[in-house]
Q: 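Take this structure first; my questions come after.
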There are 2 protein chains.
Amino acid sequence: MVSKTDRIPAAERREQILEAATRVFGELGYAGATTDRVAKAAGISQPYVVRMFGTKEQLFIEVLERTCELIVAAFDRAVADEASDKPVGPRIGEAYVHLVETDRGVLLALMQGFILGHDPNIGPVARRGFLRIYDRMREVMTPDEAMRFMAQGMLINTLIASNLTVRIDEDERVDELFACTFGDKLGIVLEGLSRSA
Amino acid sequence: MVSKTDRIPAAERREQILEAATRVFGELGYAGATTDRVAKAAGISQPYVVRMFGTKEQLFIEVLERTCELIVAAFDRAVADEASDKPVGPRIGEAYVHLVETDRGVLLALMQGFILGHDPNIGPVARRGFLRIYDRMREVMTPDEAMRFMAQGMLINTLIASNLTVRIDEDERVDELFACTFGDKLGIVLEGLSRSA
DNA sequence: CAGTGAAGTAATCAGTCGATTACCACCATC
DNA sequence: GATGGTGGTAATCGACTGATTACTTCACTG
């Protein structure tokens with residue numbers, strides 16, 4: 001039934017599942033997503049997903065930790081980028097906007113984690129992830145700058161999650177808000193949107 | 001089985017259900033909440049909830065529209081407050097912070113709506129609500145100010161949703177972030193927290 | 001080539017949840 | 001005192017979903 005090329009080492013398959021689960025959880029939320037949707041997105045069967053991660057909850061927790069790692073890693077790269085002549089703040093901002101364009105699922109899954117803060121098992125992981133990102137900011141900017149940066153990030157997450165992008169070029173207020181939010185990085189976002197359309 | 005004092009006019013009962021549903025949806029999310037939890041929170045039976053609103057989806061949509069109305073109304077009151085000697089920006093900010101303290105469910109339900117932007121039925125309602133709030137801001141401030149205000153609001157929502165408040169007085173970074181986010185309104189928030197604890 | 005372990009699935013089960021149905025209690029009014 | 005409308009529930013159904021079980025296929029190795 002399964003051709004031999006479909007058999008893949010567990011570690012590699014694990015990463016595939018995490019990637020697919022990030023998209024599915026990001027789109028449907030934790031409760032709304034099903035292990036079967038994740039399985040289909042990863043191209044395998046539902047029982048295999050459950051067996052590899054134990055429970056749906058554990059899978060989500062690993063997705064959440066992975067998204068935080070990806071974001072922190074992206075920030076680290078931006079901070080370490082010696083080639084750029086820009087200050088560190090805008091460099092990190094650009095890195096975040098770049099994530100919007102390339103890996104929307106990461107931001108959405110992160111958002112889904114934050115709003116599960118009440119959950120006894122997921123909540124602590126979400127809070128730890130949030131603080132890890134905040135800490136990273138604080139290493140390169142003041143508390144006030146870091147706060148504003150996080151706020152801007154949360155607005156971006158909300159704009160993406162609420163799918164307001166579909167009304168760009170349709171509603172003047174949306175155009176204005178996007179221009180104001182993304183500033184000189186608006187081009188990057190629009191380019192990413194047209195590519196994914 | 002039901003004492004006669006439990007019989008209440010439909011319109012009044014409807015408002016009770018919407019209020020209860022706002023809290024339940026805010027805490028558990030749309031998919032995570034059940035009509036039975038809403039019913040128990042409102043003190044009635046599950047079938048009655050469904051019959052009054054048709055479907056769970058329709059109930060959520062009405063909750064979402066109601067939360068937007070409540071927020072816009074709170075802003076309107078703040079704008080119209082002639083007694084205050086503060087500029088309009090801080091007055092609205094204070095109104096929003098006041099919502100954190102008194103009606104957390106409203107902010108959380110609103111957040112839950114935003115992250116359902118992909119949903120074909122709920123998404124449009126969420127976007128309309130977001131823009132209605134943004135419009136209200138734009139009537140009394142510049143695009144840039146309105147964007148920053150929305151960003152700050154989204155950060156506040158995230159801090160509340162992720163339940164980071166539980167780590168106040170436990171984690172220095174959290175204290176710093178809250179002080180920075182709420183500024184001179186931090187007292188209002190802390191007072192609300194200790195009262196609800 | 002027997003044997004072992006890793007990769008993966010089909011079938012199914014038990015619990016949950018939204019929705020439906022059929023019913024009951026109360027009050028007004030004629 | 002029948003009657004009909006309004007406020008409400010108990011019981012239940014069908015679909016969905018996370019998890020479990022038992023099985024198959026294949027590569028490797030002694």
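Chain letters run A, B, ... following the sequence lines, proteins first and then strands; every chain starts at 1.
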Q: Choose from dC17(C), dA7(C), dG8(D) the nucleotide whose nearest atom is closest to any side-chain atom of Arg51(B).
A: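 Of the candidates, dG8(D) comes closest.
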Q: Is a side-chain donor or acceptor of Arg13(A) paired with a backbone partner of Ile8(A) at a separation under 3.5 angstrom?
A: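 Absent.
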Q: Across the strands shown, which category fits Ser45(A) at heavy-atom distances under 4.0 angstrom: base, sugar-phosphate, nothing?
A: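 Base contact.
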Q: Return no unless some side-chain N or O of Thr35(A) is found under 4.0 Å from OP1 or OP2 of dG18(D).
A: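 Indeed, a polar side-chain atom of Thr35(A) lies that close.
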Q: Can Leu177(A) be reached from Leu107(A) by stepping across I, L, V, M, F, W or Y side chains whose heavy atoms are under 4.5 Å apart?
A: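 As far as the 4.5 Å side-chain criterion goes, Leu177(A) and Leu107(A) are connected within one cluster.
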Q: If you check every side-chain atom of Val50(B), which of dT9(D), dA19(D), dT20(C) has the closest atom?
A: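 The listed nucleotide nearest to Val50(B)'s side chain is dT20(C).
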Q: Which is true for Ala39(A) with a 4.0 Å heavy-atom rule: it touches a base, it touches only sugar-phosphate, or it touches nothing?
A: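 Ala39(A): no heavy atom of the nucleic acid under 4.0 Å.
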Q: Going through the distances and angles, do Arg66(A) and Glu62(A) end up as a salt bridge (Lys or Arg N to Asp or Glu O under 4.0 Å)?
A: CA-CA 6 Å; Arg66(A) 179 173 169 276; Glu62(A) 296 201 27; over 6 Å; no
Q: Nearest-Å distance, CZ (Arg13(B)) to P (dG7(D))?
A: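 Atom CZ in Arg13(B) sits about 10 Å away from atom P in dG7(D).
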Q: Closest-nucleotide mapping onto DNA chain C: is Asp36(B) or Ala10(A) further toward the 5' terminus? I mean the 5' end.
A: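 Its nearest nucleotide lies further toward 5', so the answer is Ala10(A).
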Q: Using a cut-off of 4.0 Å on non-hydrogen atoms, how would the nucleic acid contact of Ala11(A) be classed: base, sugar-phosphate, or nothing?
A: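 Answer is nothing: Ala11(A) stays at 4.0 Å or more from every strand.
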Q: Quick one: Glu57(A) CD to dA19(D) C1', roughly how many Å, whole number?
A: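 Spelled out: CD on Glu57(A) to C1' on dA19(D) is 14 Å.
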Q: Figure out the CD1/P separation between Ile17(B) and dG8(D), and round it to whole Å.
A: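 Rounded to whole Å, this separation is 8 Å.
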Q: Expressed in angstrom and rounded to an integer, what is the separation of Glu15(A) atom CD from dA7(C) atom P?
A: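 My rounded result for the distance is 16 Å.
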Q: How many whole angstroms separate atom CZ of Phe60(B) from atom P of dG18(C)?
A: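 It is 13 Å, rounded to the nearest whole Å.
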Q: Between the base of dA6(C) and the side chain of Arg7(A), is there a donor-acceptor distance below 3.5 Å?
A: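 Yes.
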Q: Identify whether Ile188(B) and Ile168(B) are in the same connected component of the hydrophobic contact network (ILVMFWY, side-chain heavy atoms under 4.5 Å).
A: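 Yes.
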Q: Could you give the OH-to-C1' distance, from Tyr30(A) to dT17(D), as a whole number of Å?
A: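 Whole-Å distance recorded here is 12 Å.
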Q: Quick one: is dT9(D) close enough that its OP1 or OP2 comes under 4.0 Å of any side-chain N or O from Tyr48(B)?
A: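 Checking Tyr48(B) against dT9(D): no side-chain N or O falls below 4.0 Å of OP1 or OP2.
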Q: Write down the distance between NZ (Lys40(A)) and P (dC16(D)), rounded to a whole number of angstrom.
A: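 Answer to the nearest Å: 12 Å.
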Q: Round to a whole Å and report the spacing from CD1 of Ile44(A) to P of dT25(D).
A: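 Whole-Å distance recorded here is 19 Å.
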Q: Is there a donor-acceptor pair under 3.5 Å between the side chain of Arg127(A) and the backbone N or O of Leu164(B)?
A: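 Flag not set: sc Arg127(A) to bb Leu164(B) has no pair under 3.5 Å.
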